[in-house]
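Here the structure is laid out as structure tokens; the discussion comes afterwards.
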Amino acid sequence: MYDRCLDGEHEEPASERIEAYVSALLERWRDVTEDEEKTSPWPVGPLMDSASGPLISFEVSWNMAEEASTCAAALADTMGSRAADGPLTSRVAP
């Protein structure tokens, strides 16, 4: 599914659930494209550009990785979704 949604060839609009998730993340931290104070954990933006269909794959700045990944996983859980920390450990959170 990851390859189908995020390989760059078959992009589709983010699902409503993913849009809501990204909006909630951006309520906590500004998008890096709008972050004059340099407090955003997202090194690339706009964050919504990292979404396609039912998936989103995004990076987190190393200096904020613990806080942002914990928050992102907890938020996904409250929204009935799952989060994985990617290729580093492939741990599913929470």
Roughly how far, to the nearest 0.5 Å, is the CG atom of L47 from the CD atom of E34?
11.0 Å

Looking at every non-hydrogen atom in both residues, tell me the closest pair between D35 and S40 and how far apart they are.
OD2-N, 2.5 Å

Can you list the residues that meet the ring-ring contact (aromatic ring centres under 6.0 Å, His included) rule with W29, with sequence neighbours excluded?
W42

Using every non-hydrogen atom in the two residues, find where A51 and A14 come nearest and quote the distance to one decimal.
CB-CB, 3.8 Å

Heavy-atom nearest pair, E59 first then V44, reads OE1-CG2, 4.4 Å

Within a strict 4.5 Å, meaning less than it, do heavy atoms of the L75 and Y21 side chains meet?
yes

In chain order, what residues pass the side chain to side chain donor-acceptor pair (under 3.5 Å) check against E19, with sequence neighbours excluded?
none

Under the 3.5 angstrom rule, does the side chain of S15 hit a backbone N or O of I18 as a donor-acceptor pair?
yes

For P43 and P41, which heavy atoms make the closest approach, and how far apart are they?
CD-O, 3.2 Å

F58, M79: one ILVMFWY side-chain cluster at the under-4.5 Å cut-off?
yes

Going by heavy atoms in the side chains, are C71 and R28 under 4.5 Å from each other?
yes

Rounded at 0.5 Å granularity, tell me how far OG1 in T33 sits from CG in D49.
9.0 Å

The reported gap from CG in L26 to CE in M48 (rounded to nearest 0.5 angstrom) is 7.0 Å

